[in-house]
Amino acid sequence: MTDIPKAYEPHSVELKWYPIWEQRGYFKPSGDGPTYTITIPPPNVTGSLHIGHALCYTIHDVLIRWKRMQGFSTLCVPGTDHAGIGTQNVVEKQLRNEGISRHDLGREKFLERVWQWVHQYGGVIITQLKRLGCSFEWDRERFTMDEGYVAAVMECFVRWWEAGLIYRGKRVINWCPRCSTAISDIEVEHEDRAAKLYHLRYPFTDGSGYVVVATTRPETMLGDTAVAANPNDERYKNLFGKIIRLPLVGREIPLIADDYANPEFGSGAVKVTPSHDANDFEVGLRHNLPKPIVIDEHGRMTEEAGAPYAGLDRFEARERVLEDLEAQDLIEKIEDYTVPTALCARCHTVIEPLLSEQWFVKMKELARPAIDVVKQGKVKFVPERYEKTYLDWMENIRDWTISRQLWWGHRIPVWTTEDGSYIVARTEEEAKAKAGGRPIKQDDDVLDTWFSSALWPHAVLGWPKQTEDLERFYPTSVLITGRDIIYLWVSRMIMTGMYFIGEIPFHDVYIYATVLDEQGRRMSKSLGTGVDPLDLIELYGSDALRFSLLVRTARGQDIRFAPIKEGRHPQVEEARNFANKIWNASRFVLMNIEGKQGIEARWIDSDALADRWILAELNTTIEQVTAALKEYRMNEAAQTLYNFFWDQFCDWYIELSKQLVASKEETEEARAARCRIAYVLETSLRLLHPLMPYLTEEIWQRLPHEGESIMLAEWPVADASREDAQAREQMDTLIAVITKVRNIRSEMNIPPGSRLKLFIGTTDEPVQWLIEQNAEQIKRLARVEEINVAAALPAMQSAARDIVSGIEIGVPLEGLIDIAKERERITKEITRKESEANGMKSRLDNPSFVERAPREVVEQTRERHGELTAEIEKLRATLATLGNI
RNA sequence: GGGCGGUUAGCUCAGCGGUAGAGCAUCGGUCUUACAAACCGGGGGUCACUGGUUCGAUUCCAGUACCGCCCACCA
């Protein structure tokens, strides 16, 4: 076995297998069986792999590999998103470095540049996913702006327009002055900032005094067209209708009565700026107020703002307005105030509410069926709590601003004729035809990126064409995504799916863990807290990275992931060690079957305890891992396999069967043992494969196997007939005895090399038999040269004694004994047992416990208490004799 | 202002009605013919706090305190 390295070397294995899998077409759906389909959340073309992605797509691959092994016709469709603002920003930055802006290039040339960029650098992440081992169907890879996808987006727009669900409206929207575009409500983040609340005096024209209004944004006063107070506010009852002269501007504006004004706040009077505040806009509509726009799309004051201010940046204007008001003694007071500030989710620029004309989608009607299917349980959220998050949002849904003042994206398919009427068409040709020769001009704006991704599940399967894929793979099985895009994406896919296909897009929505940095902050490259998964793959291998992420993915709980420090990452190291453990256990098995006759990975029935036991344990593992995967409990699947493989298979089964398996002889008995150990290993590898694909394939190929790849091997099925409670119980006893002897040796400082004699005292005949049957094993694992079993321990001059599960254990020490140490050891043992016994006694003494607790619990407690009492007594006796030596 | 998570060993986290588990770290011992990235053994926790339900609560319920997310038009 010179050709098996002593440690697992991931890189060559990874680079070897992935191309083979891909070339052999294993990633494609196969057979006519039931389907299992996932469409991945398309990462941004501009993106590169981060830990969050690594986790997300690892989960995808685990489920796909698992289901593939279960015999499903599996399909995982990958792809990327054109990511409107994000991508445009990247290319604009590139241009800026060249000293030009997109306007210098013009729209057409700019788009060429973006496409060039996309082809050159886009989709890096896709290559990275291959390194992770993702078995996705690359031949069906999609892009949200590929030809077919454009058709889907146009189809959607046109059909919604025809149904009256899309409209053009003028209202106050969220405007990002840096991105220079409108954004939707959900793309706005809120942050509390320490700022000021300014109380301003607005004088009445008749000289009868003034009214005080409070504002956090004084510069907007230039656009005020009224002051409002609550109609029930006694302070203002007699003042409604009076005219105010707006300071600095000189405009005459009325004091109006409107419910919007809150009498509790400040003076109870509020300034009304219809063009720069959504609420004020509503007030303006109710009272038919003018709506002067005083801030432009770059965040600068407009001509309408008036001479001294026009052209100033909004924040400069704020200072200037305050100075000017101060000069006229119109500032009543300035208070410190915490202002909930709206920021652009993309660039964190302060959002400017701006009156503007945009395209909107009516959401109420689209939302209804999407609410119903979730309520009816047709679409299930995992963890369940996100159902409420989803429903709360959907029940209060507002119309969606879909137009963006960008160049990169799906151009809005609306053309305007000279007389201002709209022509909505799927293509320019269609629009021209509809125009019938009249000159037309296409809308300059593009659609929100999420408008196109909303169609993802059916669009990637070919919609609007009635493709075979759509027929076969829709609805998909599960959507795996982060909680931050439940509103932005998940909800919208359900809506479009219901609307266009009349069917849910996926049965389950699995919200996976958010990966945080060490301090519990969201992982972010800009904060420098990101960890590059490729660095970890370099260090420890792909399987280790995958496993380390999976083993931490519990119940949708967030994961804290530390950075690499001094070239090490303990969390992934743990998984790497496991990979190495698997490697070496396999190495042992391979070493002992190589060149031997008639070895298959097949179970051959055996009466031996270890054999019966490992078979039962393996069966339980199959059951638990399968159930865990089914319920998306990734950590449980990983943990169960880890424990089975390391603690049971390696620590006990291999050790117990070592003698036979590694014997030089080729007896039938040895052959059977080799088949069995190969069987347990091979089955374990199949269970591990979805989590650690490379390692398991590499080893599996070297084991006796059927089929071309572990990817196509059958997922193990649990078999109730393999359950063996007796074997488990006996094995527990065996382990307890061996551990106790080791414990005595260690505590008594007995040299590990020295061979001991072991005396066992028990009146329990089956236990006597058990010890005798497994005497050889005990000798080897406890390093004992002789075992004597009797009803009780014989009198021994000097010995260490203990008792476990009612079995007395005596180790003669022949003068080596350190009496003080032995007393200490036994005393500690007694104390431990006593504290346990006392707890049980107090429960048994409590009549309500005995009456009301389930009978088995009471029985168990009573039994264990009896056992403990007997053990304590014996240990006390031992302690007493120690003094006499 | 609402809603949702979290608080368990020095660290990172599982568990979730019968008086606590893992990995790492720590201490002691090992080249025991797969593995020192390993093996064997040990130590370490009033499971945030306060009440309630229960024979019994780390586990269920209510509240409190921190930490973190999400939603919300109060200027």
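None of the values given here were measured: they were computed from a predicted structure. Basis for what follows: all heavy atoms, side chains included, without hydrogens, waters or symmetry-related copies. Lettering follows sequence order; numbering is per chain, from 1.
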Worksheet, complete the sentence: When rounded to whole Å, the NZ to C1' distance for the pair A:Lys196 and B:rA75 reads 17 Å

Discussion item. Counting the atoms with a prime plus P, OP1 and OP2 as sugar-phosphate, which does A:Arg576 contact under 4.0 Å by heavy atoms, base, sugar-phosphate, or nothing?
Written reply: base

Worksheet item: Checking all strands, does A:Gln557 fall into the base, sugar-phosphate, or nothing category for heavy-atom contacts under 4.0 angstrom?
Response: sugar-phosphate

Discussion item. Which nucleotide wins on minimum distance to the side chain of A:Ala853, given the candidates B:rG18, B:rC35, B:rG3?
Written reply: B:rG18

Fill in: Rounded distance in Å between the P positions of B:rU8 and B:rG3
25 Å

Worksheet item: Which nucleotide sits closest to the side chain of A:Arg852: B:rC55, B:rA75, B:rA34?
Response: B:rC55

Discussion item. Suppose we screen for salt bridge (charged side-chain N to carboxylate O under 4.0 Å, His left out). Which residues come up paired with A:Asp277, at least two apart in sequence or across chains?
Written reply: none

Worksheet item: Would you call A:Arg780-A:Glu776 a salt bridge at under 4.0 Å N-O?
Response: no

Worksheet item: For A:Lys271, which contact category applies under a 4.0 Å heavy-atom criterion: base, sugar-phosphate, or nothing?
Response: nothing

Worksheet item: Does A:Glu859 come within less than 4.0 Å of A:Arg862, counting only side-chain N to carboxylate O?
Response: yes

Practice prompt. Would you mind classifying the nucleic acid contact of A:Tyr642 as base, sugar-phosphate or nothing, using non-hydrogen atoms under 4.0 angstrom?
Written response: sugar-phosphate

Worksheet entry | Pairwise C1' distance, B:rG17 and B:rC71 [rounded to whole Å] | 34 Å

Worksheet item: Are A:Asn577 and B:rA38 close enough that a side-chain N or O sits under 4.0 Å from OP1 or OP2?
Response: yes

Worksheet item: Which whole number of Å gives the distance between the C1' atom of B:rG56 and that of B:rG23?
Response: 32 Å

Discussion item. Side chain of A:Tyr260, heavy atoms from C-beta onward: which of B:rC73, B:rA34, B:rA37 has the nearest atom to it?
Written reply: B:rC73

Worksheet, complete the sentence: Picking from B:rG41, B:rG43, B:rC39, the nucleotide nearest the side-chain atoms of A:Asp651 would be B:rC39

Worksheet item: Looking at A:Asn396, does any N or O in its side chain come under 4.0 Å of the phosphate oxygens OP1/OP2 on B:rC71?
Response: no

Worksheet item: Can you list the residues that meet the ring-ring contact (aromatic ring centres under 6.0 Å, His included) rule with A:Tyr8, with sequence neighbours excluded?
Response: A:Trp583

Worksheet item: Base, sugar-phosphate, or nothing: which does A:Gly482 touch, judged by heavy atoms less than 4.0 Å apart?
Response: nothing

Discussion item. Just to be sure I understand the rule, does A:Ala579 reach a base, reach only the sugar-phosphate, or reach nothing, if contact means heavy atoms closer than 4.0 Å?
Written reply: nothing

Discussion item. So, using ring-ring contact (aromatic ring centres under 6.0 Å, His included) as the criterion, who are the partners of A:Tyr632 when residues are at least two apart?
Written reply: A:Tyr510

Item to complete: Just need the stems in RNA chain B: three or more back-to-back Watson-Crick or G-U pairs, each with both distances under 3.5 angstrom, sorted by first number.
Response: B:1-7 with B:65-71, B:10-13 with B:21-24, B:26-30 with B:38-42, B:48-52 with B:60-64

Fill in: Value in whole Å for how far the P atom of B:rA14 lies from CG of A:Leu549
14 Å

Practice prompt. Just compare B:rA37, B:rG41, B:rA75 and give me whichever is closest to any side-chain atom of A:Asn262.
Written response: B:rA75

Discussion item. Using the side-chain heavy atoms of A:Gln571, tell me which of these nucleotides is nearest: B:rC71, B:rA34, B:rU12.
Written reply: B:rU12

Worksheet item: Which of the following nucleotides, B:rA75, B:rG5, B:rG3, is nearest to the side chain of A:Lys388?
Response: B:rG3

Discussion item. Any N or O donor-acceptor pair under 3.5 Å from the base of B:rC35 to the side chain of A:Lys581?
Written reply: yes

Worksheet entry | Nearest-Å distance once atom P is located in both B:rC49 and B:rA34 | 49 Å

Fill in: Distance, C1' atom - from B:rA25 to B:rG44, rounded to whole angstrom
11 Å

Discussion item. Please report the distance, rounded to the nearest Å, between CD1 in A:Ile654 and P in B:rC39.
Written reply: 11 Å

Worksheet entry | Touch class at under 4.0 angstrom, heavy-atom based, for A:Tyr337 against every strand present | sugar-phosphate

Worksheet item: Roughly how many Å is it from CG in A:Asp392 to P in B:rC71, rounded to a whole number?
Response: 12 Å

Item to complete: Considering only NZ, NE, NH1 and NH2 on the basic side and carboxylate oxygens on the acidic side, decide whether A:Arg825 and A:Glu822 come within less than 4.0 Å.
Response: yes

Worksheet item: Would you say a side-chain N or O of A:Arg398 is under 4.0 Å from OP1 or OP2 of B:rC73?
Response: yes

Discussion item. Between B:rU32 and B:rC40, how far apart are the two C1' atoms, rounded to whole Å?
Written reply: 10 Å

Discussion item. Students often get this wrong, so: under 4.0 angstrom with heavy atoms, is A:Glu747 touching a base, only sugar-phosphate, or nothing?
Written reply: sugar-phosphate

Worksheet item: Is A:Tyr487 touching bases, backbone alone, or none of the nucleic acid, heavy atoms closer than 4.0 Å?
Response: sugar-phosphate

Fill in: Euclidean distance, atom CD of residue A:Glu264 to atom P of B:rC73 [Å, nearest integer]
20 Å

Worksheet item: Do A:Glu574 and B:rA22 share a donor-acceptor pair, side chain to base, under 3.5 Å?
Response: no

Fill in: Same-atom distance (C1') from B:rC11 to B:rU53, integer angstrom
36 Å

Discussion item. Which nucleotide wins on minimum distance to the side chain of A:Trp646, given the candidates B:rC55, B:rA34, B:rC39?
Written reply: B:rC39

Worksheet item: What is the nucleic acid contact for A:Arg483, judged by heavy atoms within less than 4.0 Å: base, sugar-phosphate only, or nothing?
Response: sugar-phosphate

Item to complete: Assign A:Asn743 to base, sugar-phosphate, or nothing according to its heavy-atom contacts below 4.0 angstrom with the strands shown.
Response: sugar-phosphate

Fill in: Sugar-phosphate, base or nothing in reach of A:Gly839, heavy atoms under 4.0 Å
base

Item to complete: Check the angle between the aromatic planes of A:Phe644 and A:Phe649 and answer parallel, tilted or perpendicular using the 30° and 60° thresholds.
Response: parallel

Worksheet item: So, are A:Lys196 and A:Asp336 salt-bridged, with charged N and O less than 4.0 Å apart?
Response: yes

Worksheet item: Does CD in A:Glu384 sit with more than 12 non-hydrogen atoms of other residues, nucleotides or ligands closer than 6.0 Å?
Response: no

Fill in: Atom-pair distance (NZ on A:Lys841; C1' on B:rG18), nearest Å
19 Å

Worksheet item: Can you tell me how far P of B:rA37 sits from CG of A:Asn584, to the nearest Å?
Response: 11 Å

Item to complete: Pick base, sugar-phosphate or nothing for A:Arg825, based on heavy-atom distances below 4.0 Å to the nucleic acid.
Response: nothing

Show which side-chain atoms of residues 846-854 of chain A pair as donor or acceptor with protein atoms under 3.5 Å away, not counting sequence neighbours.
unit_1   : atom_1 : unit_2   : atom_2 : d
A:Asn846 : OD1    : A:Ser848 : N      : 3.0
A:Asn846 : OD1    : A:Ser848 : OG     : 2.8

Discussion item. Using atom C1' in both nucleotides, what's the gap between B:rC13 and B:rG45 to the nearest angstrom?
Written reply: 14 Å

Worksheet item: Counting any heavy atom closer than 4.0 Å, what does A:Gln659 reach on the DNA or RNA strands: base, sugar-phosphate only, or nothing?
Response: nothing

Worksheet item: Just how far, in rounded Å, is C1' of B:rA75 from CD of A:Glu332?
Response: 16 Å

Discussion item. Holding to ring-ring contact (aromatic ring centres under 6.0 Å, His included), I want the full list of residues that pass it with A:Tyr260, two or more places apart in sequence or in another chain.
Written reply: none

